[in-house]
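A quick note: this is a predicted structure, and the numbers were derived from the prediction, not measured. Position 1 is the first residue of the sequence; numbering continues from there. In listed order, ligands and their atoms are each counted from 1.
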Amino acid sequence: MPPYTITYFAVRGRCGAMRIMMVDQGQKWKENVVAFDEWMKGDLKATCVFGQLPKFEDGDLVLFQSNAVLRHLGRKHGAYGSNDKEAALIDMMNDGVEDIRMKYLKMIYQDYDTGKDQYIKDLAGHLSKFDAVLASNKSGFLVGDKISFADYSLFEVLLNHQVLCPSCLDSFPALKSFAAMMAARPNIKAFLGSDDYKKLPINGNGKQ
Ligand code: 0HH
């Protein structure tokens, strides 16, 4: 029995980064896929702490909030820095990634047809901040000298943005080599090439 279970819709969505993280950390998990009409009945929603998915189970621990899941996995698998100072910086970087993810999701779900072009124009201003952090930390990771949950989170956001705008990393050499380095990690490379990954749309409304 795999130790972890994800209950979520048939999308990459809010589970993209945690799946990539688990695969890279050599972990197995079970997927409970929830059909949207089943969700609309409301029974499962009523059991979710914030009325939303994903739900993540680690034995008898039940978690909601995708970033709480990433932090939990970070603590369990040594991907939360080497000391408190690094952990604080990793939290900061992950919050920065979350800011971009929220802007992206707003554009995808609320403003795709009229807002996509402006979103792409503004994107460089956001990506440049991460490029600068990576350029100054010579390890290739966001913080310290080993991978953290914030790296998986950033990588997943970059994957989605490369679909939105394939050239978006061209002006950012540190980000570009970070994305290539992450994509070349053997477990991640195999996962990104798998049907399990490719069969899922990025978002729930067909926009990407
Ligand atoms: N802060 C939370 C987190 O990070 C946000 C969770 C959230 O927004 O975990 N959950 C949404 C689903 S993510 C939710 O539960 C967006 C994907 C939508 C795909 C749905 C359609 C798929 C059909 C195959 N939304 C449902 C709700 O709020 O009732």
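Of all atoms in ligand 1, numbered sequentially from 1 with element shown, those under 4.0 Å from a heavy atom of Lys45 are 27 (C), 28 (O), 29 (O). Listed by atom number, the atoms of ligand 1 under 4.0 Å from Pro54 heavy atoms are 9 (O).
Atom 9 (O) of ligand 1 has its closest protein heavy atom at Ser66 N, 2.9 Å. In terms of protein heavy atoms, atom 24 (C) of ligand 1 is closest to Ala10 N, 4.2 Å. Looking at atom 19 (C) of ligand 1, its nearest protein heavy atom turns out to be Gly204 CA, 3.8 Å. Atom 23 (C) of ligand 1 has as its closest protein heavy atom Phe36 CB, 4.0 Å. Protein heavy atom at the shortest distance from atom 22 (C) of ligand 1 is Phe9 CB, 3.6 Å. Looking from atom 15 (O) of ligand 1 to the surrounding protein, the closest heavy atom is Leu53 N, 2.9 Å.
A heavy-atom distance below 4.5 Å is found between the side chains of Leu53 and Cys48.
The nearest non-hydrogen atom to atom 13 (S) of ligand 1, considering only Tyr8, Trp39, Tyr109, comes from Tyr8. Residue nearest to atom 25 (N) of ligand 1, selected from Met102, Arg12, Met18, Gln52: Gln52 (by heavy-atom distance).
For the residue pair Glu98/Asn94, the side-chain donor-acceptor check at 3.5 Å is not satisfied. Side-chain atoms of Asn205 and Tyr112 form no donor-acceptor pair, as typed in the model, at a separation below 3.5 Å. Side-chain contact check for Thr114 and Asp111: at least one donor-acceptor pair (N or O, by modelled atom type) lies under 3.5 Å. No side-chain donor from either of Glu31 and Tyr4 sits under 3.5 Å from a side-chain acceptor of the other.
For Tyr119 and His161, the ring centers are positioned less than 6.0 Å apart. Checked against the 6.0 Å centroid criterion, the rings of Phe191 and Tyr197 qualify as a close aromatic pair.
Residue contact check for ligand 1: Gly13 places no non-hydrogen atom closer than 4.0 Å to it.
With a 4.0 Å cut-off on non-hydrogen atoms, Gln65 touches ligand 1 through its backbone as well as its side chain.
For the side chain to side chain contact (heavy atoms under 4.5 Å, CB included) with Tyr104, the lone residue among Leu123, Ile202, Val157 that qualifies is Ile202.
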